[in-house]
Amino acid sequence: MATYFQTTARNYTAVTVTPEGINTDEFLQATEGLVKIFDLFGSVFSVVQNDMNGNIKKIRERFLQNPAANSTLQNLVKGEIAEKKKTATEGLLWLTRGLDFTLQSLERNEANPAEELSVSFTKGYEGTLRQYHGMLVRPVFSMAMKACPYRAEFYAKLGSDQGLVQQDMTAWLSGLRKVVVEIQQFYTANKL
């Protein structure tokens, strides 16, 4: 039986990254697959899903205006800045923060097999998104972290062959890390 990572439209390991940047369409396909992983957490993560889906929509709308000119995320952002717009640029920034949160949380959980998801996601939140959230948003995320499913239940939903789940998750997280770091470096280098 296939693992969750084998069922998505595109895996982060298959997102093209060239000197010109990250392929926009492939990135969006992989990210839509990432957002669906939160279905395995239950409705408590709907806030996270809705936020990420909203940012995906902003990027996709910009991409579809001119797929050739916006073929990479970097070109998409540069084009938007040249037009003195920022909708997709801000959407990508917030989406990247959400991807980093997911990445750090799952990497931590993978590295600590005895740790429950609620601990890993709380630590991931503290190291990523918390600094950007105000007093009204933090309690919502805190509640979501406490409502994470048990580790064993979550990993069972990822696939029946746990050896294959680990192998696929490690590769998926490695691909996700490559993409997140690339975007973060681009934003830092361009002072965005």
Side-chain angles (χ1 to χ4, degrees), residues 5 7-39 45-108 121 124-138 140-141 144 169 171-192:
F5 307 102
T7 64
T8 59
R10 182 170 300 272
N11 192 309
Y12 282 105
T13 59
V15 172
T16 305
V17 180
T18 67
E20 284 117 39
I22 299 164
N23 182 288
T24 304
D25 191 41
E26 294 174 1
F27 167 80
L28 291 171
Q29 289 175 34
T31 303
E32 287 166 341
L34 178 141
V35 172
K36 289 178 184 158
I37 203 169
F38 289 114
D39 288 340
F45 268 79
S46 63
V47 170
V48 175
Q49 284 181 303
N50 290 339
D51 183 61
M52 292 177 105
N53 280 327
N55 289 318
I56 289 169
K57 183 178 184 233
K58 291 173 187 175
I59 298 162
R60 184 171 304 286
E61 285 173 355
R62 175 71 187 186
F63 169 69
L64 292 174
Q65 288 175 8
N66 189 340
N70 298 318
S71 63
T72 68
L73 292 172
Q74 289 81 344
N75 286 343
L76 182 145
V77 169
K78 288 175 187 175
E80 191 173 63
I81 290 170
E83 295 174 16
K84 304 218 183 307
K85 295 180 180 177
K86 58 184 179 178
T87 303
T89 301
E90 287 179 354
L92 179 59
L93 175 65
W94 277 102
L95 182 59
T96 302
R97 289 173 177 168
L99 295 175
D100 192 30
F101 156 68
T102 307
L103 172 68
Q104 289 194 33
S105 300
L106 289 174
E107 280 184 336
R108 179 183 171 93
F121 274 80
Y125 176 72
E126 290 169 358
T128 57
L129 291 175
R130 187 176 190 277
Q131 64 184 316
Y132 305 109
H133 288 164
M135 292 175 51
L136 296 175
V137 176
R138 287 179 184 166
V140 173
F141 273 80
M169 179 182 264
W172 184 77
L173 289 171
S174 176
L176 176 57
R177 173 160 292 288
K178 181 179 177 182
V179 167
V180 166
V181 168
E182 183 82 19
I183 296 168
Q184 289 171 331
Q185 288 174 344
F186 172 75
Y187 272 72
T188 300
N190 290 281
K191 297 176 177 63
L192 299 172

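All values reported here derive from a predicted model rather than from experimental measurement.
- Counting heavy atoms from C-beta on, the side chains of Lys36 and Thr8 never come closer than 4.5 Å.
- Closest approach of Leu93 and Tyr187 over heavy atoms only: N-OH, 3.6 Å.
- Nearest heavy-atom pair, Leu34 versus Leu176, reported as atom, atom and distance to 0.1 Å: CD1-CD2, 3.7 Å.
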**Report entry** Check against side-chain hydrogen bond (donor to acceptor under 3.5 Å, both in side chains), Glu26 and Thr16
**Finding:** CA-CA 7 Å; Glu26 294 174 1; Thr16 305; 2.8 Å; yes

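- In this structure, Gln29 and Arg60 approach most closely via the heavy-atom pair N-NH2, 4.4 Å.
- In this pair, Tyr132 and Trp94 present their aromatic rings perpendicular. The plane angle is above 60°, beyond the 30 to 60° band.
- Thr102 OG1 to Asp100 CG: the interatomic distance, rounded to the nearest 0.5 Å, is 8.5 Å.
- With Asn50 contributing its side chain and Ser46 its backbone, the two residues share a donor-acceptor pair below 3.5 Å.
- Using a 4.5 Å heavy-atom threshold, the side chains of Leu99 and Phe27 count as touching.
- The closest donor-acceptor contact from the side chain of Asn70 to the backbone of Arg62 lies under 3.5 Å.
- Scanning both residues, Asn75 and Thr72, for their nearest heavy atoms gives N-OG1, 3.0 Å.
- A donor-acceptor contact under 3.5 angstrom links the side chains of Glu80 and Thr89, judged on distance only.
- Considering all non-hydrogen atoms of both residues, Leu73 and Thr24 come closest at N-OG1, 3.0 Å.
- Side chains of Phe186 and Lys78 form a contact here, defined as non-hydrogen atoms less than 4.5 Å apart.
- With 3.5 Å as the limit, one finds a donor-acceptor pair spanning the side chains of Gln49 and Asp39.
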Report task. May I have the step-by-step check of side chain to side chain contact (heavy atoms under 4.5 Å, CB included) for Leu92 and Ile183, ending in yes or no? Result -> CA-CA 9 Å; Leu92 179 59; Ile183 296 168; 4.1 Å; yes

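- Interatomic distance, Ile22 CD1 to Leu76 CG, rounded to the nearest 0.5 Å: 11.5 Å.
- The backbone N or O of Thr13 lies less than 3.5 Å from a partner atom in the side chain of Asn11, making a donor-acceptor pair.
- With 3.5 Å as the limit, one finds no donor-acceptor pair spanning the side chains of Ser174 and Tyr12.
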Report task. Run the numbers on Lys57 and Asn53 for side chain to side chain contact (heavy atoms under 4.5 Å, CB included), then give the verdict. Result -> CA-CA 6 Å; Lys57 183 178 184 233; Asn53 280 327; over 6 Å; no

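- Distance CG/Leu103 to CZ/Arg108: 13.5 Å, rounded to 0.5 Å.
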Report task. Report the C-alpha separation of Met169 and Leu106 in whole Å, then their side-chain angles, then the decisive distance to 0.1 Å, and conclude whether the side chain to side chain contact (heavy atoms under 4.5 Å, CB included) test is met. Result -> CA-CA 9 Å; Met169 179 182 264; Leu106 289 174; 4.3 Å; yes

Report task. For the pair Lys58 and Glu90, evaluate salt bridge (charged side-chain N to carboxylate O under 4.0 Å, His left out) and give the outcome as yes or no after the intermediate values. Result -> CA-CA 9 Å; Lys58 291 173 187 175; Glu90 287 179 354; over 6 Å; no

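- Residues Ile59 and Ala88 approach most closely at CG1-O, 3.9 Å, considering heavy atoms.
- Side-chain contact between Ile81 and Lys86 is absent, with no heavy-atom pair separated by less than 4.5 Å.
- The CZ atom of Phe121 lies 11.5 Å from the CD atom of Gln104; values are rounded to the nearest 0.5 Å.
- Contact check for Gln131 versus Glu126: no side-chain heavy atoms found under the 4.5 Å cut-off.
- Note on Glu32 versus Arg10: no salt bridge recorded, every NZ/NE/NH1/NH2 to OD/OE distance being 4.0 Å or above.
- Once rounded to the nearest 0.5 Å, the distance linking CE of Met52 with CZ of Phe45 reads 10.5 Å.
- Looking only at distances, no side-chain donor or acceptor of Ser71 sits under 3.5 Å from a matching main-chain atom of Pro67.
- Side-chain atoms of Glu182 never come within 3.5 Å of backbone atoms of Gly21 as a donor-acceptor pair (strictly under, hydrogens ignored).
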Query raised in the report: Yes or no on side chain to side chain contact (heavy atoms under 4.5 Å, CB included) for Arg97 and Thr128, after CA distance, side-chain angles and deciding distance?
Result: CA-CA 7 Å; Arg97 289 173 177 168; Thr128 57; over 6 Å; no

